[in-house]
Student: 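Have a look at this one before I ask anything.
These numbers come from the heavy atoms of this one structure, side chains and all, not from hydrogens, waters or symmetry mates.
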Amino acid sequence: THTHTPSLTLTHVFPQTERTCHCPTTAMAAQAMDLIQRDLAREHERRQGARDGTAAAAAGSADDRLELSETNEATRQRNLSLMADFDRRRKARETVLPTDDNKVKACLRELGEPICLFGEDAADRRARLQDLYARGGDAVAASAERLQQEQEEEQEEEKQRAEVWYHEGPQELKRARMFLAEFSLPRARERLRRMRLELADTKNERMALVQSVYTSLREYTSFGSQVGDTRPVSYCEFSPDGSMLATGSWTGLCKLWSIPDCNLVTQLRGHNERVGSVSWHPQACVGQDRSAVNLVSCAADGTVRLWSLEKDTPIASLEDFETRVARAKFHPAGRHVATTCFDHSWRLWDVESNTELLHQEGHSSEVYGLAFHPDGSLVGTSSMDCSARLWDLRSGKSILVLQGHIKDVLSIDFSPNGFHVVTGSDDHTVRLWDLRERRSLYTLPAHKALISGIKYQRSRGDYFVTSGYDNEAKIWTAPGCTPLRTLAGHEGKVMALDISPDDRFIATCGFDRTFKLWSRS
């Protein structure tokens, strides 16, 4: 809508009069009026042209545009490219990518891209995936959305796992915890009393005693060797009185051997798969009746058997598991058995009633190793999630997580002093931990392969022994972690070891189907 502007004329500005002046001033005024008249006419034409031009531009074609020069067009294109690159980098920073190399490869495969290029490592592969997500596309957008959803779900699961939650346990568990507390507290007082007496001795006396032990260990050599089975011997353990050695093998058989002549005493038949461990009752061969429960064993088929010394068949069985059972051990009190399973949990059982008291989760991967504190108050579990955990049996709490290994932690043991713990891992290292300081004291590159077993001296804890898949076992001082002796003699992987209660023998068993005794020459 246009507003009409009336044209201005000279009569509007200076109305005409009938009087006429012929003076020079009047002539100059007339000239000025003519100039004003012409200016007003030009202004009127400009305004009219502007109105006509606006209408023409509104109804005109899109081709009437101002063409840029080549220099300006190149600058414009360069700026657009920079803005697109900046936007792509911003998207790349905001995109959440997996850190696991296998997941990165899966995402690349989903996008139809090669999962690996020549000379490309995991970091380069992840950077390539990030660039693909930044460039966009329908398939890339769908994959990025799915990946973002998975990341959010994993974060939510991690948050739920981090939450501490409790559920009501049975009355039997409460009674068991009361019993364990009453059992462990007097033993802790006795342990502290012994340590105070040892500290009361002069330093020279203590050093002389320790040096005599180390001198005898440096003289250890092969005492005897025996073929244990037709398949690898996976576990061995001395009886509490040191008179027998129990072995388990991949045939599913458990065997008892006399010590030191290594003669077969009996065969225990009850497993159809590889035996994970065979453990003695704390009072077996000492005060336990031969017809009562004297041993417990577990196997890869998920079975846990209880044995007497009078029969070659199990006298009882714990509930069969759906997954592999790695270790089964008696509590120092003898009334309970703990088992570690490949379902990421460990369990506590009442031997007298054969009932499950506790099903404890906490590890994020398979649980393998198992050891009890000498007082009976704690239990240590090692897992394939690269960590070990200490649990208070009296309260059920996880009191300490031992993190530092970079691969599966397969073995764990407590020192008789009660505050040192050793762990062995698939990263070929052994770590010594101090529970008082809650940290790792030493990291030992102990073997050239996986650490399969680790045991402390039972009486004083002056040394510990490790076994590895490098066909060797090694003796180390404690807590100094100095190597004392290498026990080499197996022709295959050393799968387990044990130290006799009287410190006379060290037993090892391995992939070469034999077990060996080591002693002072």
Side-chain angles (χ1 to χ4, degrees), residues 164 166-199 237 239-241 279-289 291-296 304 306 316 318-319 327-340 345-362 367 369-381 388-400 412-421 433 435-436 438 456 458-461 501:
V164 179
Y166 302 92
H167 67 275
E168 185 176 355
Q171 287 296 319
E172 291 80 3
L173 177 59
K174 179 180 179 181
R175 289 193 290 269
R177 284 181 171 158
M178 292 294 294
F179 167 78
L180 294 172
E182 294 172 356
F183 175 83
S184 62
L185 291 176
R187 291 170 65 95
R189 285 194 293 267
E190 177 61 22
R191 174 174 56 85
L192 295 175
R193 186 190 65 83
R194 289 197 309 268
M195 294 183 66
R196 292 189 187 99
L197 291 177
E198 292 179 2
L199 290 176
E237 185 174 304
S239 63
D241 65 348
S279 178
W280 291 88
H281 189 282
Q283 297 299 318
C285 304
V286 178
Q288 185 82 338
D289 190 277
S291 62
V293 176
N294 281 265
L295 295 110
V296 61
V304 180
L306 301 176
L318 303 182
E319 179 183 350
R327 293 287 186 264
K329 286 184 179 295
F330 277 99
H331 183 270
R335 286 180 53 177
H336 303 96
V337 168
T339 57
T340 56
S345 70
W346 65 273
R347 291 170 167 84
L348 187 67
W349 303 81
D350 189 314
V351 177
E352 297 177 357
S353 61
N354 295 341
T355 57
E356 179 184 300
L357 299 177
L358 176 65
H359 181 186
Q360 182 65 61
E361 297 178 338
V367 186
L370 176 69
F372 284 103
H373 191 275
D375 298 342
S377 57
L378 308 177
V379 63
T381 57
R389 284 179 177 265
L390 303 185
W391 310 82
D392 190 339
L393 292 172
R394 300 162 297 186
S395 64
K397 294 182 179 180
S398 174
I399 61 173
L400 184 61
I412 182 172
D413 199 21
F414 287 91
S415 170
N417 64 23
F419 53 82
H420 283 155
V421 177
W433 309 82
L435 303 186
R436 301 166 300 180
R438 305 173 70 90
Y456 259 106
R458 299 191 189 184
S459 57
R460 292 171 46 85

Student: So, using side chain to side chain contact (heavy atoms under 4.5 Å, CB included) as the criterion, who are the partners of Phe179 when residues are at least two apart?
Tutor: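 For Phe179 the side chain to side chain contact (heavy atoms under 4.5 Å, CB included) partners, ignoring immediate neighbours, are Ala333, Arg335, His336.
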Student: Considering all heavy atoms of both residues, which atom of Pro332 and which atom of Gly376 are nearest to each other, and what is their separation?
Tutor: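 Residues Pro332 and Gly376, closest heavy atoms: CG-CA, 4.2 Å.
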Student: Roughly how far, to the nearest 0.5 Å, is OG of Ser415 from CG of Leu435?
Tutor: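 The OG atom of Ser415 is 9.5 Å from CG of Leu435, to the nearest 0.5 Å.
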Student: Taking only residues two or more places apart in sequence or in another chain, which ones pass side chain to side chain donor-acceptor pair (under 3.5 Å) with Arg438?
Tutor: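 If we apply the side chain to side chain donor-acceptor pair (under 3.5 Å) test to Arg438, skipping adjacent residues, there are no hits.
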Student: To the nearest 0.5 Å, what is the distance between CZ (Arg187) and OG (Ser377)?
Tutor: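 Interatomic distance, Arg187 CZ to Ser377 OG, rounded to 0.5 Å: 9.5 Å.
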Student: To the nearest 0.5 angstrom, please state how far the CG atom of Asp350 sits from the OG1 atom of Thr355.
Tutor: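 Asp350 atom CG to Thr355 atom OG1 measures 4.5 Å (nearest 0.5 Å).
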Student: Which residues satisfy the side chain to side chain contact (heavy atoms under 4.5 Å, CB included) test with Arg177, sequence neighbours excluded?
Tutor: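 Result, side chain to side chain contact (heavy atoms under 4.5 Å, CB included) vs Arg177: Leu173, Leu358.
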Student: Short question: side chain of Asn294, backbone of Ala284 - any donor-acceptor pair under 3.5 Å?
Tutor: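 Between the backbone of Ala284 and the side chain of Asn294 there is no qualifying donor-acceptor contact (under 3.5 Å).
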Student: Using the rule given for side-chain contact (heavy atoms from CB on, under 4.5 Å), can you reason through Arg347 versus Leu318, listing the C-alpha separation, both sets of side-chain angles and the distance that settles it, and then say yes or no?
Tutor: CA-CA 11 Å; Arg347 291 170 167 84; Leu318 303 182; over 6 Å; no
Student: Can you see which heavy atom on Gly334 is nearest to which on His281, and at what distance?
Tutor: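 What the structure gives for the nearest pair is O-NE2, 3.2 Å.
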Student: Can Asn417 and Met195 be said to form a side-chain contact (heavy atoms from CB on, under 4.5 Å), step by step?
Tutor: CA-CA 8 Å; Asn417 64 23; Met195 294 183 66; 4.2 Å; yes
Student: Test of understanding: with side chain to side chain contact (heavy atoms under 4.5 Å, CB included), list the residues that count as partners of Ala181, not counting sequence neighbours.
Tutor: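 Result, side chain to side chain contact (heavy atoms under 4.5 Å, CB included) vs Ala181: Arg394.
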Student: How close do Ala328 and Thr339 get, counting heavy atoms only, and between which atoms?
Tutor: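 That closest heavy-atom pairing would be CB-CG2, 3.9 Å.
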Student: Give every residue pair that meets the side-chain hydrogen bond (donor to acceptor under 3.5 Å, both in side chains) criterion with at least one member in residues 189-199, sequence neighbours excluded.
Tutor: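 Found Glu190-Arg193, Arg191-Asp375.
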Student: When His373 is tested against each of Phe414, Phe419, Phe183 for ring pair (Phe, Tyr, Trp, His ring centres under 6.0 Å), which residue passes?
Tutor: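 Checked Phe414, Phe419, Phe183 against His373; only one passes ring pair (Phe, Tyr, Trp, His ring centres under 6.0 Å): Phe414.
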Student: Considering non-hydrogen atoms only, spot the tightest contact between Trp280 and Phe330 and give its length.
Tutor: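 Looking at all heavy atoms of both residues, the closest pair is O-CD1, 3.4 Å.
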Student: Decide yes or no for Val421 and Asp413: does some side-chain heavy atom of the first lie under 4.5 Å from some side-chain heavy atom of the second?
Tutor: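 No, every pair of side-chain atoms sits at 4.5 Å or beyond.
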Student: What's the spacing between Leu295 CG and Cys285 SG if we round to 0.5 Å?
Tutor: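 So the gap between those two atoms works out to 8.0 Å.
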Student: Please name the pair of heavy atoms, one in Val286 and one in Pro240, separated by the smallest distance, quoted to 0.1 Å.
Tutor: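 That would be CG2-CB, 4.0 Å.
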Student: Could you tell me the separation between the CH2 atom of Trp433 and the CG atom of Leu400, rounded to the nearest 0.5 Å?
Tutor: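 Trp433 atom CH2 to Leu400 atom CG measures 8.0 Å (nearest 0.5 Å).
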Student: Could you check Val296 against Val351 for side-chain contact (heavy atoms from CB on, under 4.5 Å), going step by step and ending with a plain yes or no?
Tutor: CA-CA 10 Å; Val296 61; Val351 177; over 6 Å; no
Student: Considering all heavy atoms of both residues, which atom of Ala292 and which atom of Gln288 are nearest to each other, and what is their separation?
Tutor: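 Closest approach of Ala292 to Gln288, heavy atoms only: CB-NE2, 3.6 Å.
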Student: When rounded to the nearest 0.5 angstrom, what is the spacing between NE2 in His359 and CG in Leu348?
Tutor: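 If I round to the nearest 0.5 Å, the distance is 12.0 Å.
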Student: Please name all residues satisfying side chain to side chain contact (heavy atoms under 4.5 Å, CB included) with Thr381, sequence neighbours left out, ordered by chain then number.
Tutor: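 Thr381: side chain to side chain contact (heavy atoms under 4.5 Å, CB included) contacts with Thr340, Trp346, His363, Val367, Leu370, Arg389, Trp391.
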